[in-house]
Amino acid sequence: MQKKGRAGRPHGDRAGLQVALSTGGEPGTRWDPRRGGARRGQPGLRGPPACPSWGGGGGPAESREPTPAAPGVGRACGEELPPAARAPASAMAGPGDPAERCSCRNTDCLERPLRRLFEGLASGVAACPWPFVLVPLLLSGGLGAGFLFLPQRQANDIEEQFTPTGGPAKAERDLVRRHFPTNDSQRFSAPRLPTEGAYAALIAVATNGTSVLDPTAWEEVLRLDKTVRDPDYERLCARSDGSCASPNPLLSPRGDERPPVSGSLQFPVNGSVFLGAALGGVDADGGRLLSARALKLVYYLREDGPEAEDSRQWLHSFLRNISSKLRELHLSSIQVTYFTSLSRQQEFEGNTKSVIPLFSITYFLTINFAIFSCLRLSCIRNNVWLACCGVVSAGLAVFSSFGLMLFCGAPFVVTVANAPFLILGVGVDDMFIMIASWEQSSRKKEKSSVKSLLAETYSEAALSVTITTLTDVLAFFIGTWTAFPSVRAFCLYTGTAFVFCYVYTLTFFGAVLVLNHKREQGNRHWLTCMRVGVDKDQAENSCLYNACCVGSCSRQSSEPEGEHPMSIFFKEYYGPFFTNKWVKLLVVLLYGAYLGGSVYGCTQIREGIDLRNLANDDSYVIPYYDDDEKYFSTYGPRVMVVIPERVDYWNEAVRRGIESCAQNLENISYVDKNLSESWLRVYTVLAESSSININDKTQFFNNLPVLFSIRSSFAWDLNKTQDEIEASRFFLQTVNVTSAVDEKNLLNQLRETARQCSIPLKVYHPAFIYYDQYLVIVQNTVQNVAVAAGAMLVVSLLLIPNPLCCLWVTFAIASVIVGVTGFMSFWNVNLDSISMINLVICIGFSVDFSAHISYAFVTSGESSTNKRAIEALSLLGYPVLQGAVSTILGVVVLAAAKTYIFRTFFKIMFLVILFGALHGLVFIPVFLTFFGKFGTSPHNTKSENPELSLRNYKDCS
């Protein structure tokens with residue numbers, strides 16, 4: 001079973017989590033106990049990667065000695081093998097061979113045609129490599145021209161990308177706009193806006209625990225207000241009754257109001273003016289305002305008509321100059337934070353720029369890691385250029401795929417900036433698989449032709465790469481079904497990049513392998529390409545001189561590599577330790593604690609994206625959000641309740657029905673019934689007190705002007721024609737909406753209550769557009785994870801036709817996802833569109849870490865479950881650990897990001913790698929010792945020579 005690794009995991013758990021570096025296994029072979037050894041041409045548990053060198057160099061390729069074959073059960077070297085064992089693989093693939101027939105335990109019927117296809121492709125690449133090098137370069141250059149469209153394709157509108165497509169609040173906003181058009185140059189009212197509006201907001205907080213209403217602090221508030229009210233603002237401000245809308249109800253339009261006397265004002269409503277959103281940190285006695293720690297100033301601008309663009313320019317100017325103006329004011333009694341309607345969007349768009357240096361660091365680390373892994377003590381067999389070209393191949397895939405998507409008009413969202421980290425890891429992983437398979441093929445003396453070498457490499461490695469790429473591409477394209485455009489864009493770009501990465505691996509990098517082989521055959525230096533010769537005098541020089549200038553540290557051909565110390569550790573110490581009965585009991589208890597903590601964390605997970613997380617940590621908007629939450633969170637959104645259809649308001653029964661609906665809405669725990677505002681309720685009281693008959697349609701319409709003379713803003717709450725009221729609205733004041741759970745409950749309760757009303761009602765506030773994500777985020781996450789997991793399991797069933805192994809793959813996927821989701825809440829990560837992306841990606845990792853260990857266990861020929869677990873760990877423990885470490889290395893730089901989006905990517909990847917490795921190295925090996933005896937392959941047999949060492953087993957074919 002092979003499964004592709006992800007970012008930064010060059011040669012760990014990729015391609016079957018290649019068998020420990022020096023167990024004697026040949027890379028690119030699957031251990032098949034039924035055959036008594038390694039089975040060629042099969043994707044699955046592979047030998048060590050070719051790049052790392054633990055023993056020394058060598059000379060030209062043709063001078064190398066055969067290395068030990070894959071671990072398995074078979075005859076010792078020197079014994080004569082039966083004819084069937086000596087026959088070539090093609091001869092054994094006859095239709096009468098049960099091992100080659102299609103069945104639930106065999107997938108050769110799928111692999112053989114693909115293998116032949118790849119062998120044909122390899123022959124073409126080997127025969128003429130230069131076109132396969134140049135065409136990808138030219139294609140990348142052509143498609144890379146699509147980056148010219150990047151400024152046009154950037155789609156970082158927060159509402160568009162991070163709220164669900166087709167959310168109910170968007171339709172409700174359109175309804176409000178249609179029935180209640182705004183006119184912010186003559187009759188502006190902030191609660192009646194269908195959007196947030198265009199505004200600049202400041203929060204003034206009194207220092208030293210004093211009140212902002214104290215004379216000293218109030219004088220500084222007036223100076224601050226005067227500074228903001230420049231001539232351009234007076235020209236562009238939103239107006240009502242001929243003057244600019246006041247930034248705070250306590251300030252006069254002229255900005256010269258004296259501070260209110262303590263106890264002279266009622267709170268939260270003074271007369272007909274609502275002060276709950278204007279003052280914060282209030283100390284009141286019996287409804288009388290005594291003091292307030294904070295005061296909010298909101299300067300609204302016109303966004304209707306030709307002044308809209310000028311208003312935007314004023315806001316830009318405000319953001320550029322406000323910091324310097326605040327310093328010039330020398331404010332000592334108040335501290336000021338600020339925000340504008342453009343701030344959130346501007347800060348979000350700046351996230352991509354902030355992560356560009358991290359891209360550079362990651363690519364630098366990856367290139368150096370690949371070079372170090374491929375570095376050998378041989379100036380001929382050194383694979384430094386292969387490592388560099390593998391990274392270049394991944395870069396070309398990013399360049400080509402992104403350019404193509406930009407050419408096609410796909411929106412480029414900031415979440416797409418996470419994709420290169422994944423693509424780089426996948427490309428480097430594919431590179432190491434190809435190198436490992438190539439090195440294994442080149443060790444066989446009879447494989448002298450470059451065509452035959454590359455054909456065998458492709459027949460082994462390309463099939464694995466094909467299956468894993470197909471799995472990942474399917475998972476990403478399934479992710480495009482989500483309701484969040486930001487997730488769709490990420491999955492579309494990344495899925496396409498995976499396709500290009502796959503194509504370039506089989507063409508560009510395959511051709512580089514051929515050219516590098518020709519260099520080795522010519523005995524040429526890896527750096528200078530000059531011929532390297534060996535004579536007696538040179539051979540007597542130092543080891544370093546010989547390695548750099550002669551060919552290797554020694555004139556002798558490379559010896560079989562010894563067993564790696566980590567493999568010995570897993571076999572001699574780690575495996576026996578975890579198969580001890582008391583340690584196994586401790587592991588079971590540990591898993592119980594892990595599962596219990598994960599389930600508890602799942603119940604505490606916060607849903608939805610916090611808008612403050614879209615800004616950088618050091619942004620000026622963070623202090624504003626903090627002050628707003630601290631001082632102004634008592635009173636939440638002022639919700640608009642719309643009657644969108646014609647009803648007979650003059651009918652008393654209809655009015656009673658509307659009043660009943662209003663009272664039901666006011667009975668919701670998040671609504672303060674004393675702060676509602678209803679034109680119909682006031683009109684009914686007015687009619688009763690003035691003996692006006694409003695039960696007659698004509699009288700109802702004729703007396704409306706009386707109502708409007710009392711409160712002119714009520715005229716804006718009716719959409720009426722000459723003799724009909726097309727729609728009307730009233731307002732509810734929410735309270736104590738302080739968390740995402742409160743926002744979700746508020747929205748659900750309001751909509752459910754409105755739905756049960758006998759009168760058609762719609763509830764709306766601009767914030768509901770963001771609240772809508774709570775309705776679909778869990779559903780979308782479960783849908784995407786379930787479908788992606790299903791695709792993984794289908795592939796697992798095809799590649800690992802063993803029921804027990806597939807059972808443990810399923811268990812690992814579920815357990816890791818539950819663990820990651822639960823521990824997200826402990827690490828302050830919300831379940832939102834950003835974390836949803838990572839959860840879908842992480843399914844593959846949980847498969848990687850579990851499938852290979854469980855497959856090695858069920859195919860082991862050992863007699864007891866403990867010995868089978870030890871053998872599985874000795875073969876695959878180090879590659880699993882190596883893959884986990886290298887993956888974390890690839891994403892660790894994101895931990896330094898100052899943006900929630902990229903830190904979230906790191907946190908979830910870290911949790912998945914940690915829990916995936918924990919399952920692969922601890923939980924599953926222990927659990928298999930309890931249940932593994934039910935899944936032993938009936939073909940498994942014990943070695944004829946129990947004392948035969950894996951490292952001494954030689955390929956005798």
Side-chain angles (χ1 to χ4, degrees), residues 4 114-150 363 367 370 383-408 410 419-420 423-435 437-438 441 449-466 468-470 472-473 492-521 529:
K4 183 176 297 183
L114 286 175
R115 201 178 307 130
R116 288 193 293 267
L117 177 64
F118 290 129
E119 288 173 352
L121 173 62
S123 297
V125 174
C128 194
W130 280 110
F132 291 94
V133 172
L134 298 177
V135 170
L137 291 173
L138 295 175
L139 181 62
S140 298
L143 293 177
F147 277 89
L148 296 174
F149 297 97
L150 181 59
Y363 273 80
I367 290 174
N383 287 328
V384 170
W385 286 117
L386 288 183
C388 293
C389 289
V391 177
V392 169
S393 179
L396 293 177
V398 174
F399 209 58
S400 299
S401 58
F402 282 29
L404 177 61
M405 289 296 96
L406 293 170
F407 266 127
C408 295
I423 300 162
L424 178 63
V426 170
V428 173
D429 288 346
D430 291 346
M431 172 196 72
F432 276 92
I433 294 172
M434 296 287 285
I435 294 176
S437 184
W438 172 270
S441 300
S449 167
V450 66
K451 288 186 179 180
S452 61
L453 287 174
L454 195 63
E456 184 171 347
T457 298
Y458 273 31
S459 68
E460 296 171 358
L463 182 62
S464 169
V465 174
T466 298
T468 52
T469 300
L470 176 63
D472 291 328
V473 169
L492 183 61
Y493 273 84
T494 308
T496 306
F498 270 50
V499 174
F500 274 97
C501 190
Y502 167 73
V503 172
Y504 288 168
T505 298
L506 297 185
T507 55
F508 175 83
F509 189 72
V512 172
L513 276 174
V514 173
L515 296 175
N516 189 67
H517 174 74
K518 292 182 177 180
R519 179 191 60 78
E520 289 187 3
Q521 290 293 317
C529 290

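Since this is a predicted model, take the numbers as computed values, not measurements. Heads up: numbering here begins at 1 and tracks the sequence.
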Interatomic spacing from OG1 in Thr457 to CZ in Phe118 - rounded to 0.5 Å:
13.0 Å
Does [X] use its side chain to pair, donor to acceptor, with the backbone of [Y] at less than 3.5 Å?
X      : Y      : result
Ser393 : Cys389 : no
Tyr493 : Ala410 : yes
Ser400 : Ala397 : no

Given the rule in the side chain to side chain contact (heavy atoms under 4.5 Å, CB included) test, do Phe402 and Thr496 qualify, once you have shown the distances and angles that lead to the verdict?
CA-CA 8 Å; Phe402 282 29; Thr496 306; over 6 Å; no
Tell me the closest heavy-atom pair linking Val450 and Ala126, and the distance in Å.
O-CB, 4.1 Å
Closest heavy-atom pair, Ala419 versus Thr494, reported as atoms and distance to 0.1 Å, is CB-OG1, 3.3 Å
Aromatic ring centroids of Phe407 and Phe149 under 6.0 Å?
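They qualify: ring centres under 6.0 Å apart.
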With a 6.0 Å cut-off on the ring centroids, do Phe147 and Phe399 count as close?
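Judged by ring-centre distance (under 6.0 Å), Phe147 and Phe399 do meet the cut-off.
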Is the shortest side-chain heavy-atom distance between [X] and [Y] below 4.5 Å?
X      : Y      : result
Tyr504 : Leu139 : yes
Phe500 : Leu143 : yes
Thr507 : Val135 : no
Tyr458 : Met434 : yes

Listed by chain and number, what are the ring-ring contact (aromatic ring centres under 6.0 Å, His included) partners of Phe508, not counting sequence neighbours?
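Phe508 satisfies ring-ring contact (aromatic ring centres under 6.0 Å, His included) with no other residue.
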